[in-house]
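Because the structure is a prediction, the values reported are computed rather than measured. Heavy-atom basis, side chains included; hydrogens, waters and symmetry copies ignored.
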Amino acid sequence: MYTRLFIFGIILLSFVLVVSALVNRGFKKPHLSRVLLYISAIAMIGVLGEITVDSVYNNLFGIPLWRYNFLPVNNAYTSGFAPVLWGSLGLYIYLVHHKYEKWSPKELVHLSIIFGIEAMVLEALADLISKPILGDYIYYYYPSGLFHISAFQNFPFYFICGAVVIQTLHWFKAQPHYFAFISAWVAIVTVYFR
């Protein structure tokens with residue numbers, strides 16, 4: 001299973017690099033401290049958000065919104081593989097969206113909507129790609145509106161997540177090394193030392 005997850009992670013990373021090169025019409029030279037900040041901060045926000053959102057959803061409706069099928073932790077609300085998924089989104093955001101560090105309050109809603117839509121599309125693509133490689137979907141959504149690979153109910157979470165990510169990156173950019181380390185530490189502790 002770990003070999004297949006490693007292969008899936010490499011394919012996911014390659015997909016992010018190819019899409020960003022197509023969008024940017026070439027490869028963007030990464031600034032190491034910034035790219036690590038994006039990857040770790042979004043991984044941290046993602047895993048903490050997954051646990052929070054699925055816990056609240058389960059308490060409100062009596063069933064979780066989703067479950068992870070591979071390396072599930074915290075009631076399958078997140079996964080030992082989730083930092084890779086969220087980190088890939090962080091890399092994508094870094095490579096494609098340069099405005100996320102510089103925005104005006106007026107743009108926050110607009111950027112959060114874009115984040116939410118892109119996150120749902122990328123999530124669905126990752127889930128579809130996982131089936132032939134892993135033999136099952138990496139996660140399963142209980143609502144059937146989007147064929148169990150995502151859910152309309154998830155959009156408010158991604159919208160809020162986008163606002164939190166944008167604001168966090170804005171705050172953290174002053175000391176990217178420090179906050180990249182802290183974010184990675186929080187994500188690792190949350191997922192692997194529960």
Side-chain angles (χ1 to χ4, degrees), residues 5 9 12 16 33-61 63-94 97 100-101 103 108-109 111-124 126-127 130 137-143 150-194:
L5 281 171
L12 194 60
V16 166
S33 63
R34 289 279 194 250
V35 76
L36 290 176
L37 174 63
Y38 274 66
I39 290 169
S40 62
I42 292 175
M44 174 190 69
I45 292 165
V47 297
L48 291 173
E50 285 179 331
I51 294 166
T52 303
V53 168
D54 225 6
S55 297
V56 169
Y57 193 88
N58 192 12
N59 285 329
L60 290 174
F61 300 105
I63 186 170
L65 183 54
W66 67 79
R67 74 162 189 267
Y68 271 89
N69 293 322
F70 292 90
L71 306 176
V73 295
N74 294 306
N75 299 318
Y77 297 160
T78 193
S79 159
F81 194 69
V84 174
L85 294 168
W86 284 102
S88 297
L89 179 61
L91 179 62
Y92 171 82
I93 296 297
Y94 172 81
H97 294 288
Y100 276 28
E101 285 185 43
W103 53 273
L108 182 60
V109 171
L111 292 174
S112 297
I113 290 169
I114 291 170
F115 180 96
I117 292 168
E118 285 183 328
M120 283 186 70
V121 169
L122 293 171
E123 165 189 72
D127 211 19
S130 71
Y137 295 114
I138 197 132
Y139 33 76
Y140 176 85
Y141 277 89
Y142 290 99
S150 190
F152 293 115
Q153 294 88 327
N154 209 23
F155 184 75
F157 161 65
Y158 278 130
F159 174 80
I160 293 167
C161 184
V164 170
V165 161
I166 293 163
Q167 186 65 56
T168 301
L169 292 172
H170 181 72
W171 289 333
F172 286 7
K173 72 179 179 182
Q175 296 181 341
H177 293 94
Y178 174 75
F179 286 113
F181 173 78
I182 295 298
S183 298
W185 182 81
V186 169
I188 288 167
V189 168
T190 301
V191 172
Y192 302 111
F193 297 99
R194 61 216 172 277

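Partner of Glu50 under the side chain to side chain donor-acceptor pair (under 3.5 Å) criterion, chosen from Tyr68, Tyr77, Tyr139: Tyr68.
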| said: What verdict does the side chain to side chain contact (heavy atoms under 4.5 Å, CB included) test give for Trp86 and Cys161, after you've listed the backbone C-alpha separation in whole Å, the side-chain angles of each residue and the deciding distance to 0.1 Å? | reply: CA-CA 11 Å; Trp86 284 102; Cys161 184; 4.1 Å; yes
| field | Derivation of the side chain to side chain contact (heavy atoms under 4.5 Å, CB included) call for Leu85 and Leu89 | value | CA-CA 7 Å; Leu85 294 168; Leu89 179 61; over 6 Å; no
| request: With side chain to side chain contact (heavy atoms under 4.5 Å, CB included) as the test, would you mind laying out the steps for Trp171 and Gln167 before giving the verdict? | output: CA-CA 6 Å; Trp171 289 333; Gln167 186 65 56; 2.8 Å; yes
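Of all heavy-atom pairs spanning Ser150 and Tyr141, the tightest one is CA-CD1, 3.3 Å. Residues Thr190 and Asn74 come closest through the heavy atom pair O-ND2, 3.5 Å. Nearest heavy atoms, Gly162 versus Ser112: C-OG, 3.7 Å. When all heavy atoms are compared, the tightest approach of Tyr137 to Phe70 is O-CE1, 3.6 Å. Taking each heavy atom of Ala187 and Met44 in turn, the nearest pair found is CB-CA, 3.8 Å. The minimum heavy-atom distance between Val191 and Pro83, with the atom names listed, is CG2-CG, 4.0 Å.
Between atom CG of residue Asp54 and atom CZ of residue Arg67 there is a gap of 11.5 Å, rounded to the nearest 0.5 Å. Going from atom CD1 of Ile188 over to atom OG of Ser183 covers 10.5 Å, rounded to the nearest 0.5 Å. Atoms CD1 and CD1, on Ile45 and Ile160 in that order, are 13.0 Å from each other to the nearest 0.5 Å. For the atom pair Leu111 CG and His97 NE2, the distance stands at 8.5 Å (nearest 0.5 Å). Rounding to the nearest 0.5 Å places CD1 of Ile42 at 9.0 Å from OG1 of Thr168. Expressed to the nearest 0.5 Å, how far CD1 of Ile93 lies from CG of Leu169 amounts to 9.0 Å.
For Tyr192, the OH atom is densely surrounded, since the number of other residues' heavy atoms within 6.0 Å is greater than 12.
For Tyr142 and Tyr140, the distance between ring centers is under 6.0 angstrom.
Taking 4.5 Å as the limit, some side-chain heavy atom of Ile138 sits within range of a side-chain heavy atom of Leu5. No side-chain heavy atom of Tyr38 sits under 4.5 Å from any side-chain heavy atom of Leu91.
Relative orientation of the Phe157 and Trp66 rings is tilted, given thresholds of 30° and 60° on the angle between their planes.
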